[in-house]
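To start, the structure itself, in structure tokens.
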Amino acid sequence: MAKIAFNPVEATYKIIDGSPVVELYGKSSGKQVCVQFHGFEPYFWALGESEITDEKITKIEKHKKSFLGKEVEAKKVFVKIPADVPAVREKSDSLEADIPFARRFLIDRKITPLATYEADGAFVESDYKCEVFRAEKIGIVSEEISEQKVLAVDIETHTDFGKEIIPENDPIIMIALHGNNFRKVLTWKHFDNNLGYIEVVDSEVEMLERFRELVEEYKPDILTGYFSDGFDLPYLKARADKYRTNMKLGLDNSEIMLRKGNVPVAEITGIAHIDIFKFVKRMFRTAFTSFKLNDVAQELLGQGKAQVKLEELYASWNEEKGLEKFAEYNLTDAKLTYELCIKLWPNITELTKMIGVPPAEASRMSFSQLVEWYLIKEAHEFNELVPNRPDFSEERKRRVESYTGGYVYEPTPGLYKDIVVYDFRSLYPTIISAHNISPDRIILGKDSEDGVLKGISFGKEKGFISTVIDNVINRRLRIKEMAKGKEDKSLEARQQALKTVANSIYGYYGFFGARWYNLDCAKAITAYGRHHMQDVIEKAKTVGFNVIYGDTDSIMLALEGKHISAASKFVEGINKKLPGIMELEFEGLYKSGIFVATKGRETGAKKRYALMDEEGKMKVRGFETVRRNLSLIAKQTQQKALEMILQGKTSNEVAEFVKDVVKQLRSKQTETRMVVIKTQISRDIKSYANIPPHVAIAKRMQEQGKKVGPGTMVSYVVAEGKGVIRDRSKLPEEVAAGEYDAEYYVRNQVLPAVGKLMEVIGYNPEELLEERQQKKLETFFG
DNA sequence: GCTACTCGGGG
DNA sequence: GTGTACGAGTAGC
């Protein structure tokens, strides 16, 4: 018998001689290994008294379990192979009959990917690309994780810029690889260069084969790319298919696997494929507005992509000229991707360890999935049975159910000075904990003791989910305590992971696809949230504060000459009376803020405001920010006007600025690029039932003999004329300078963008147009 | 207000 | 594969 220590990074299973064998791929003494485990039996749970018989059932055990607050006797029904489960589960009220086999193994054996385990057994013969170890026993050694070898991949294709990228037609012309002390750009045309990392082969197919070889030699544990689920890996596979060669990157010699669905996923057996774009997009969902590699890298790494004109690549390749800079560009993309993956790896690691699923999966999971898989893992620890997923009709029913959300205090439109903002720290998680909001503790028909909930209350004994969230919150507080004064990336990442899950549980209760879906819980949480908010607002007013705004968990007070310490003292008093771990905390102090009116009314718009801090940094919420189908002139005017107002410029100054923009538009001096609206064509032109402006443009482009299809970016300008917008839309090159419809841009773009701002500073937006009326009169009489 | 549609990331 | 999928914003009616 041999003993090895290893860190699993991937889990799957195979049927060998009619029995399932779990395979854990990972690292052992710096080398890739596949640890096989025989003898883990597939099973599911069945409720109810009735007898279940099926020839596929190998044995049935009886166990005492809890299920949604009830003690039940459940039958553990075993079958020979995982695929037997779907065939047998229909015969009873089954539970946990859809937990994938490899994941079931991880949960039951308490194996957390990336941690260190020891296996007893022996190496066996195989044709795999790594050694295969047959384990008799697997046990945890430590939670320590080993260093992972990361390889980033990026491809360039031969695509006419602006056209749809078609894998069947457009060859791959360069492939960049970037690892630790490893960089390479493969290509199949010779060109002069001083770059040491270029390797030239004779054809695309040779390049694909060389790529496969390089991956095999480098032996990465992690393969990463930017949007590689939807682009690089499927593309590599498609090109390999075309040449009837293979893209068998899997350690078990399997192909790249593409999961079809709404969201594409590419998988490689034994190597964790991380599409770092997906992870970034979830992690920074609210923090970033753009998720292009250049912007994300700029934000997280402080450096952007290599500056090239990508639209020149196509011709450059044809003419075999100027290719060096594109090779550099290609490598830079791979390098940035590599560095993003390295930088975010601690976060992926901590999420993996917390949720207990392999990194390739944890990195792609939505918030509700993270919560769900965490709860499934915990359920096993708590001897709880996992509820089933909703069926189609149940899901549809849930989709239309709605309920009251957070409390929003309606602001009085205006410009304010010296604003202090307080937040309830983790409002919903702390409510779940403090008020024991758990599906297994619901008591219907009884009001809560504090009088907040009517017709429902929650028992005193801690429930499953409220216990789980309690643990999560407490662990997070301990870690934050430990991390104090230190710069520990993994501690920071761990508290982030805990926060992510804690913050997602409320949304999970109300998510239509959730196993522990519970609208009563979701409603109770928001009811408590509204109660506590209203309570604070009322008390603030009582002691003489001017409450200007409040939304769900935050409240803004105008100091109006009061010292900030008066506000702190007030909040201290509030905190003493809040139940459990609930707490109101200081968020920030702002020197000015603007709140606008709702459309067509006098009342203050909710969720639409801008604040400016001492350093002049703006915090803009709810205004039209960066939407590409809004013209630049509208976006820029709004941004600038907001800035001026918050900096304390007079209403005359701001009005003059906007009037200037209007004047420029009307006097036809605005550059065409400022009035261009861009939209992409997504499908075949003929298949549109309705014709929006950009489709009308696309049709005309077709008539002119231009190739227009899915992927084409259509830019258009609304020109002067009669009828609906689509009849007046023209291609930017068709319009002469100043041919745009000034009135459209003034009234439909600029004015809506700044109108409400102008009202706040005492300007009737109509006044901004008056110049034209005068002009009209002049021309009439002139 | 509802429905149809687009977009994101990638070249 | 013992599974599975988005989510927000806009134009047109």
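Naming: A, B, ... by sequence-line order, numbering from 1 per chain.
- The aromatic ring of A:Y226 does not stack onto the base of B:dG10, failing the criterion of a centre distance under 5.5 Å from the six-membered base ring together with planes under 30° apart.
- A:F44 places none of its side-chain heavy atoms less than 4.5 Å from the side chain of A:K76.
- Within the 3.5 Å criterion, the main-chain N or O of A:I172 finds a donor-acceptor partner in the side chain of A:E204.
- Listed by chain and number, the residues in a ring-ring contact (aromatic ring centres under 6.0 Å, His included) with A:Y374 amount to none (sequence neighbours excluded).
- Atom CH2 of A:W317 and atom C1' of B:dG11 are 14 Å apart (whole Å).
- Considering only side-chain atoms of A:F291, the nucleotide from B:dG9, B:dG11, C:dT2 that sits closest is B:dG9.
- Scanning residues 363-376 of chain A for heavy-atom distances under 4.0 Å to DNA chain B yields an empty list.
- Evaluated for a ring pair (Phe, Tyr, Trp, His ring centres under 6.0 Å) with A:F78, the options A:Y43, A:F40, A:W45 yield exactly one hit, A:Y43.
- Between the A:D154 side chain and the A:L177 main chain, no donor and acceptor come within less than 3.5 Å of each other.
- Taking side-chain N and O atoms only, A:R389 has a distance below 4.0 Å to OP1 or OP2 of C:dT4.
- For A:R398, the side-chain contact (heavy atoms from CB on, under 4.5 Å) partners two or more places apart in sequence, or in a different chain, are A:P390, A:E394, A:E401, A:F512, A:Y517.
- Checked against B:dG9, C:dT2, B:dG11, the side chain of A:F101 finds its nearest nucleotide in C:dT2.
- Distance from the side chain of A:Y13 is smallest to C:dT2 among B:dG11, C:dT2, B:dG8.
- The phosphate of B:dG11 (OP1 or OP2) has a side-chain N or O of A:K305 nearer than 4.0 angstrom.
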